[in-house]
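Numbers restart at 1 for each chain; the letters A, B, ... are given by sequence-line order, proteins then strands. This structure is a prediction, so every number in the text was calculated from the model and none was measured.
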Amino acid sequence: MTNSTSIESMHFEFDGHRHPAAFTPVLVGVVGSGNLEVMVEPAAHDRCSVGIETSARGFEAIWAAVVRDFHERHHLAGVTVSVNDMGATPAVVSLRLDQAVAGLKVAP
Amino acid sequence: MNISYAECTARERLARLCDTDSFHEWLPPSERLTSPHLAQLGVPSSFDDGVVIGRAQLDGHTVFVGAQEGGFMGGGVGEVHGAKLVGWLRRALRERPAGVVLLAESGGVRLHEANAGLIAVSEVMRAVLDVRAAGIPVIVLIGGANGCFGGMGLVARCADHLVISETGRLAMSGPEVIEASHGVDEFDSRDRALVWRTTGGRHRAESGDCDRLVDDDVAAFRAAAIDSLNASQPLTMASLEAEHALLAARLATTPLHP
């Protein structure tokens, strides 16, 4: 049985090649109407691992596209990205993801 | 340059209020100490449950600082949010900072967490009074767009010092709550002038419910917080009686509706 009030969880993994220099976790945005929060943490692997929790169900294909675009822009490796979303639009999601990366020091 | 306090997030306010890079956070977002209730109701969590707590330097003094995030559920107090504030206040009793500064922005109890939130607010009030009794000044700053309402309005009035901006609002019940319970004839929540002359910062300051009225500017809040340090106002029988006399005098001058 599907529970219409539950949160939808998604997970994406990409192989990356740009390892950020050592960094403390970066948090941007606030979960709220039309907005979301993004946290980027260092991870002991060579991938870019993205976890999403959202109250807006049924948009997995759009999330997949937005996250793939994000990865193609940055090719991050060794990071975990966590998102708490409350109905943000794809453009806002992209901006917040880029804002979080701007808070990292990425080796060229 | 003037930076609007109202337009900053909780974290931006802390970064600009405290001495540069001096803020050390406890239970940061990476700890993921989030509400156990929200996900069951289909509401996303926030990694910090909408409140930031820690230690910092303020004009060279060690202080405890905390900030509620109005952007997440109106700064609503849930179980974890309240527990973070209580633990932070109790730690102040052990470490004895020069002051405890709370950047309040809240609609009150988070209704999703009803009784857990109510209990949390009562525990926060108790903890604030314990910190005051230990001679450590508790300073509450109010300048967020959501104001400070419900249980957090009560917490704010338990503090030694209350600083507010004209943008800030302070009350128990918000305008919509009063209208819903007593009717639009009693209180029209869409009457902005009425709302501001009952709960607004200038009104609160002029009627003696706040100690300072400052501009909507992070630097002005910082200066007021520094001025309030080391000025504990012990809660004594004499101070309570003075408060009661003030309230009685105010009631006597209040025109009553027929």
Side-chain angles (χ1 to χ4, degrees), chain A residues 1-11 20 22-44 49-60 63 78-89 92-93 95-97 99-100 102-104, chain B residues 5-15 21-54 67-76 78 80-81 84 103 105-107 110-113 144-146:
Chain A
M1 190 185 87
T2 54
N3 180 351
S4 62
T5 63
S6 65
I7 299 277
E8 186 163 316
S9 300
M10 283 165 258
H11 194 86
F23 67 99
T24 51
V26 173
L27 180 78
V28 298
V30 171
V31 198
S33 180
N35 209 328
L36 77 167
E37 64 177 354
V38 173
M39 182 160 57
V40 182
E41 298 163 285
S49 172
V50 184
I52 293 155
E53 303 275 317
T54 176
S55 59
R57 299 178 63 82
F59 294 93
E60 181 158 5
W63 279 105
V79 299
T80 298
V81 179
S82 307
V83 175
N84 282 327
D85 171 60
M86 213 170 198
T89 61
V92 170
V93 176
L95 283 169
R96 286 292 184 203
L97 287 168
Q99 184 190 2
L104 304 172
Chain B
Y5 182 96
E7 290 179 19
C8 286
T9 64
R11 288 172 182 282
E12 288 167 346
R13 284 172 194 158
L14 284 178
D21 292 333
S22 71
F23 177 60
H24 171 78
E25 183 170 1
W26 292 315
L27 301 174
S30 54
E31 296 285 331
R32 291 178 161 75
L33 192 72
T34 57
S35 165
H37 308 285
L38 295 180
Q40 296 173 36
L41 297 166
V43 179
S45 298
S46 162
F47 293 121
D48 55 18
D49 205 45
V51 65
V52 187
I53 54 167
Q68 295 178 296
E69 176 50 66
F72 178 60
M73 310 196 77
V80 167
H81 184 118
K84 284 177 75 172
L103 284 58
E105 180 172 5
S106 179
R110 190 184 292 165
L111 295 180
H112 308 67
E113 307 195 25
N146 290 274

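Between chain B and the options A:Glu8, A:Glu53, A:Glu41, A:Glu37, the largest number of non-hydrogen pairs under 4.5 Å is found for A:Glu37.
The contact between A:Val31 and chain B is made by backbone and side chain atoms together, counting heavy-atom distances below 4.5 Å. In this structure, the portions of B:Ser30 lying under 4.5 Å from any heavy atom of chain A include both its backbone and its side chain. Proximity to chain B (any heavy atom under 4.5 Å) is shown, for A:Ser82, by both the backbone and the side chain.
Every salt bridge (Lys or Arg N to Asp or Glu O under 4.0 Å) that B:Asp49 has, sequence neighbours left out, goes to B:Arg110.
Other residues, nucleotides and ligands contribute only 12 or fewer heavy atoms inside 6.0 Å of the CD atom of B:Glu7.
The closest side-chain heavy-atom distance from A:Asp85 to B:Pro44 is not below 4.5 Å.
Among all heavy-atom pairs drawn from B:Val43 and A:Ile7, the shortest one is C-CD1, 3.5 Å. Taking both residues in full, the closest heavy atoms of B:Phe47 and A:Val83 are given as CZ-N, 4.4 Å, listed atom of the first, atom of the second, then distance.
Applying the salt bridge (charged side-chain N to carboxylate O under 4.0 Å, His left out) test to every pair with at least one member in residues 24-35 of chain A, sequence neighbours left out, gives no pairs at all.
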